[in-house]
Amino acid sequence: MSADKGSGTRIIILGATSGIAEATARIWAAQGGRLVLVARDGARAEAIAADLKVRGAEEADVVALDLAKADAAAELDAMVAKLGGLDIVLLAYGALGDQKTLETDPTAARALIETNFTSASAWCIAAANRFEAQKSGALLVIGSVAGDRGRQSNFIYGATKAGLAALVEGIAHRLAPTGARAVLIKPGFVDTPMTAAIPNKGALWAKPEAVGAIIARAAQKGRPVVYAPGFWRLIMLIVRNVPAAIFHKTKL
Amino acid sequence: MNAASRFVERGDVLSWGRVVRRPQRLARPHFADELPALLDDPAATDSLLAIGLRRSYGDSGLNSEGAVIDMTGLDHFIAFDAGTGLLRAEAGVSLSQVLQLVVPKGWFLPTTPGTRFVTLGGAVANDVHGKNHHRAGSMGCHVTRLGLLRGDGERLELSPEENAGLFAATIGGLGLTGVIEWVELKLAKIGSAFLDVEIIPYGSLDEFWALAEESTERFEHTVAWADCMPAGRGRGVFSRANWTYEGDYKAHGDRAWKNMPVDLPGFTLNKLSVSAFNEFYFRAHRWKAGRVRQHYSVFFYPLDAIHNWNRLYGKRGMLQFQCVVPWASARPAMDALMAAIAQSGQASFLTVLKTFGDIASPGLMSFPRPGATLALDFPNRGEETLALMGRLDAITREAGGALYPAKDGRMSREMFRLSFPRWEEFAQAKDPKMNSDFWRRMAA
Ligand SMILES: Cc1cc2nc3c(=O)[nH]c(=O)nc-3n(C[C@H](O)[C@H](O)[C@H](O)COP(=O)(O)OP(=O)(O)OC[C@H]3O[C@@H](n4cnc5c(N)ncnc54)[C@H](O)[C@@H]3O)c2cc1C
């Protein structure tokens, strides 16, 4: 099994400039991984690639690509051909959007759904096909606790993540007999550029480094759905089970 | 604040002393390409300041009237040559991160302050010094190049040869010459991650001077903890160390063993508790006296084991005082400083005494200079504490000494100008866009 801890692990990161992806990549780099960083912003990805090489990555190559628009299967094939194989895919891109704007601007809502769900699904399906055929590999997908229950403040974003959750769950089921795996990671509140505008972050907020460590571990073993940090499993169990009569009175 | 601003107003952005409490407009970029837009941001119209991990105690890392750029998100390494020990990294990389990368490869920082939670940018902007000043000089002596973004958007590379004037102004330049984007540094080779440490309790300042003198030749690192409470005044614990070849190259872990999650009540650190602590510390070290092998994290960074230890001082925070006095007047000046503290009835919890060597820094505004330095921290008791510090200022001034801006939140303009005789030359090199609460106090 090639997704073992250690050097030479071949990893493709989709959305490599996200804070969580970068934190995870640093762990893989320190283990001597061979990484392909896919991101729209090539210059930023290059800065990350240089950093990862200093940190010990055997290789860190950049593919500048608009993931939401690309032909996932063909691009993935090309990357794997260059890497000479594939052990891990981390899908980490997605847009948060502004709920109010999304509610009034259908084009914006559609674009968010296309990015977060439609295009992400294509990448997941392409990776799953490859992993099933080779009977190994780990597909790691970053979802969100926002997908666990729709709430007024971010249900369009939440819906895309809920859709992705069902997809990854299904892929995990399909891959189970082969030895390959699919894992959905559900971060709670993470202090990244995506959430920078939110001031006064409290005790529920996690550092991307902590979430990255959970993801790197999830690549090795564990359940098909991983909350990061783990206490969110309990929080979301409660949130999911609050009766609508009460839930609808909250402003969440 | 303008709605289109990338800066967010925050009430929780404090310097390490936790005394100055003014809201700061803060942005935390992650990539160098985000910086130019921040220069033009409406929140930065008045002025801008790059800041690091906020380990400076007073107001030199705050800019209440403008905006601050938290550089800690710019934490990418750029290049490292494990053969030559040349490291280039973005300014927001911390010394802690540097060590985790380079120690396993046999390298260490050329010099280090008493905490590893300092950014490269902050280390350059205060031209920080360490226990090996007599051997290595200050941090600025080891900076080979740096990238500076000026307020008008110009990106410059500075080195002792290229743009040498601006290089000299930026080393110890308190962030006022522009935003340091990256730093290139020459590291020092080590034989293991451990030091051979000798701990020597001493009974009087005379003994301290004798120890300091005999140690600088033979030991790379020297420092003393000093007791300035009346009961034990003059005594202390001297420690001196050299890197050893015995041991592996294991870097420190990330975990602190304790966190100080809330402010302790202000009365916790008073004369009695500090005297008791000093007594304990002195006795404990008398038992421990002798030679021990210590990991660098124990020797250089004992306080880093407790996160947020500054909260020990309660809500009103603490005031630091650090001066250097030249050799010619060092002995009487230290006697007088210690006497003034003992008489004041105020307690300094962490008192550090050390001698500096004569390796000159390239920095125009560098603090270390040949002589002896004393660092004290006092719980903030308002007027009473400020009055004592005024007396310490007077002794320092009399001795021809200087104060350290990184540790200050209250020095007078006059004291500043006496401390940094080249300040006018520096003011010429200052970037008109950059400013800080400290600079407004000193130069306005
Ligand atoms: C426990 C403890 C022990 C210490 N021991 C020592 C010691 O032994 N020797 C010593 O010299 N100091 C010591 N210090 C002080 C500390 O080393 C300095 O204050 C250091 O500059 C802090 O770096 P920082 O990253 O926290 O920067 P900050 O405190 O956030 O900022 C410090 C200055 O650097 C500027 N700055 C920061 N980043 C940039 C950048 N990218 N570009 C331009 N300007 C920038 C800021 O504007 C400010 O003027 C100690 C502090 C503590 C808390």
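Chain letters run A, B, ... following the sequence lines, proteins first and then strands; every chain starts at 1. The structure presented is a predicted model; accordingly, all values stated were derived computationally and were not measured.
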Side chain from CB out, backbone as N, CA, C, O: work out which of these in A/E209 comes under 4.5 Å of a heavy atom of chain B, or both, or neither.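 Answer is neither: A/E209 stays 4.5 Å or more from chain B.
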Using non-hydrogen atoms only, which part of A/I48 is less than 4.5 Å away from chain B: side chain, backbone, both, or neither?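 When you check distances to chain B, atoms from both the backbone and side chain of A/I48 fall under 4.5 Å.
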Heavy-atom distances under 4.5 Å only: say whether B/I78 touches chain A with side chain, backbone, both or neither.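 For B/I78, the backbone is the part near chain A, not the side chain.
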Tell me, side chain or backbone of B/H76 under 4.5 Å from chain A's heavy atoms, or both, or neither?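 The answer is both parts of B/H76.
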Once rounded to the nearest 0.5 Å, what's the spacing between atom CD of B/E90 and atom CG of A/D51?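 One gets 8.0 Å once the value is rounded to the nearest 0.5 Å.
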Does A/D41 form a side chain to side chain contact (heavy atoms under 4.5 Å, CB included) with B/F31? I'd like the steps, not just the answer. CA-CA 11 Å; A/D41 193 325; B/F31 296 95; over 6 Å; no
Using a cut-off of 6.0 Å, state whether more than 12 heavy atoms not belonging to [X] lie near its atom [atom1].
X: A/R40; atom1: CZ; result: no
X: B/K189; atom1: NZ; result: yes
X: A/R223; atom1: CZ; result: no
X: A/K82; atom1: NZ; result: no

Got a salt bridge between B/D75 and A/R26, using NZ or NE/NH1/NH2 to carboxylate O under 4.0 Å?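 Yes, this pair counts.
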